[in-house]
2 protein chains.
Amino acid sequence: MAKKVDKFESDLLRGSLDLMVLAVLDQEDQYGYIIQKKIREASGEKVSMSAGTMYPLLHRLEGEKLIRSRWDDSTGRRRKWYAITAAGRKRLTKQANQWNQYVQCMAGLMQGYYKPVPKLG
Amino acid sequence: MAKKVDKFESDLLRGSLDLMVLAVLDQEDQYGYIIQKKIREASGEKVSMSAGTMYPLLHRLEGEKLIRSRWDDSTGRRRKWYAITAAGRKRLTKQANQWNQYVQCMAGLMQGYYKPVPKLG
DNA sequence: TATCGATATATCGCATGACGATACATTAGC
DNA sequence: GCTAATGTATCGTCATGCGATATATCGATA
């Protein structure tokens, strides 16, 4: 049987899913299904947003003009491609900065329970 | 005029406020007002839970038997002291571990946007 | 003495957003 | 033909952080 990985609690994700999606779209234009898949795989199955989370999230980001969409009906499968906007990049930078600050803040609050993230590169 | 610090967005806090409170109580018994104050000060005013957040949270944790309470009416001011339970410590360890994993996961997902937390000590 | 700010706990309704369920259509493989 | 994967969408439910409000005590100060 496949090894079952427990997902992160949904409350933990609140406030950072937007950030993940914007980060994915900042690398290249994508459509919902693939964004979802990328995040799931990159997180080792620990962040697997349902469609009921993904699509409303994309609609919300589009409503805020942080991303924009374009339908592609050229193939048999209808796909809605998303691209990040200038405002989206600005928001991404801001939110990422906010996230980093929050992580540092928690590090201080958690004292002994916190284990620093290993250096990248 | 006092320098106004913007607080973290409330969605960012979801899922980690419990953790903060448990961490404070793991150090010593406290009552709500002080727990709130400690977290506010330790975060540089960036996490300032309202009373409408703090007290329901404490009641919830008590309902889950992660903390227990005791009224102190010996002084003029009625204070409800809280202590962490064995189950609470277990939960604290688990949640802290979960948090650390999540931070690492975000580090991977965020790639270039992530800045590692400076070494402690 | 009255008024104000800090201390101290509690509850209410609101807004947000992640979730599972459900729906629907296409395509590929068995 | 059946099933699984692909692909988007919406619905109602649930959890929880928040501001507003209520209540009470105490010290300082005008």
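Each chain gets a letter, A, B and so on, in the order its sequence line appears, and its residues count up from 1.
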Peer 1: Identify each atom pair where a protein N or O and an N or O of nucleotides 17-21 of chain D are less than 3.5 Å apart, giving names and distance.
Peer 2:
residue	atom	partner	partner atom	Å
dG17(D)	OP2	R60(B)	NH2	3.4
dC18(D)	OP2	T53(B)	OG1	3.0
dC18(D)	N4	G52(B)	O	3.1

Peer 1: Run R79(A) and D72(A) through salt bridge (charged side-chain N to carboxylate O under 4.0 Å, His left out) and show every step you take.
Peer 2: CA-CA 5 Å; R79(A) 289 171 181 155; D72(A) 172 21; 5.1 Å; no

Peer 1: With respect to the phosphate group of dT6(D), does any side-chain polar atom (N or O) of Y33(A) fall under 4.0 Å of OP1 or OP2?
Peer 2: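 Checking dT6(D) against Y33(A), a side-chain N or O does come within under 4.0 Å of OP1 or OP2.
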
Peer 1: Using the ring of each side chain (for Trp, its six-membered ring), is W99(B) parallel, tilted or perpendicular to W99(A), with breaks at 30° and 60°?
Peer 2: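 Tilted, since the angle between the ring planes falls between 30° and 60°.
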
Peer 1: Return yes if the base of dT8(D) and the side-chain atoms of R78(A) contain a donor-acceptor N/O pair under 3.5 Å, otherwise no.
Peer 2: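 Not at all, since no donor on one side and acceptor on the other fall under 3.5 Å apart.
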
Peer 1: Look at all strands and tell whether W71(A) reaches a base, only sugar-phosphate, or nothing, counting heavy atoms closer than 4.0 Å.
Peer 2: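 Contact class for W71(A): sugar-phosphate only.
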
Peer 1: Return the value, rounded to whole Å, for the distance between atom CG of L12(B) and atom P of dG17(C).
Peer 2: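 Rounded to the whole Å, the gap is 12 Å.
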
Peer 1: Do you know the tightest heavy-atom contact between Y82(B) and G32(B)?
Peer 2: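 Closest heavy-atom pair between Y82(B) and G32(B): CD1-N, 4.5 Å.
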
Peer 1: Can you check whether Y55(B) has a side-chain N or O nearer than 4.0 Å to OP1 or OP2 of dA10(C)?
Peer 2: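 For dA10(C), neither OP1 nor OP2 has a side-chain N or O of Y55(B) closer than 4.0 Å.
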
Peer 1: So which atom in S16(A) and which in L12(A) form the shortest heavy-atom distance, rounded to 0.1 Å?
Peer 2: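 Minimum heavy-atom separation between S16(A) and L12(A): OG-O, 3.7 Å.
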
Peer 1: Measure CZ/R77(A) against P/dA28(C) and give the value in whole Å, please.
Peer 2: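 One finds 7 Å between P of dA28(C) and CZ of R77(A), rounded.
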
Peer 1: Roughly how many Å is it from CG in L61(B) to P in dA15(D), rounded to a whole number?
Peer 2: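 Atom CG in L61(B) sits about 15 Å away from atom P in dA15(D).
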
Peer 1: K37(A) has an atom NZ; how far is it from atom P of dA5(D), in whole Å?
Peer 2: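 In whole Å, dA5(D) P and K37(A) NZ are 10 Å from each other.
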
Peer 1: Please report the closest heavy-atom contact between V5(A) and K46(A), naming both atoms and the distance.
Peer 2: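 The pair with the smallest heavy-atom distance is CG1-CG, 3.5 Å.
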
Peer 1: Is any side-chain nitrogen or oxygen of Y31(B) closer than 4.0 Å to OP1 or OP2 of dA8(C)?
Peer 2: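 Yes, because at least one side-chain N or O of Y31(B) sits under 4.0 Å from OP1 or OP2 of dA8(C).
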
Peer 1: Rounded to whole angstrom units, what separation is found between the CZ atom of R79(B) and the P atom of dA8(C)?
Peer 2: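 Atom-to-atom, R79(B) to dA8(C), this comes out as 4 Å.
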
Peer 1: Would you indicate whether E9(A), at its atom CD, is surrounded by more than 12 heavy atoms from other residues, nucleotides or ligands within a distance under 6.0 Å?
Peer 2: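 No, not enclosed.
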
Peer 1: Grab the two heavy atoms, one from G88(B) and one from L22(B), that are nearest each other, plus how far apart they are.
Peer 2: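 So the two residues come closest at O-CD1, 4.1 Å.
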
Peer 1: Can you tell me the distance, in whole Å, between the CH2 atom of W81(B) and the C1' atom of dA8(C)?
Peer 2: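 Distance check: W81(B) CH2 to dA8(C) C1' gives 12 Å.
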
Peer 1: Please report, rounded to the nearest Å, how far the P atom of dC11(D) is from the NE2 atom of H59(A).
Peer 2: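 Interatomic distance, NE2 of H59(A) to P of dC11(D): 12 Å.
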
Peer 1: What's the CG-P distance between D73(A) and dT8(D), to the nearest Å?
Peer 2: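 Spelled out: CG on D73(A) to P on dT8(D) is 11 Å.
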
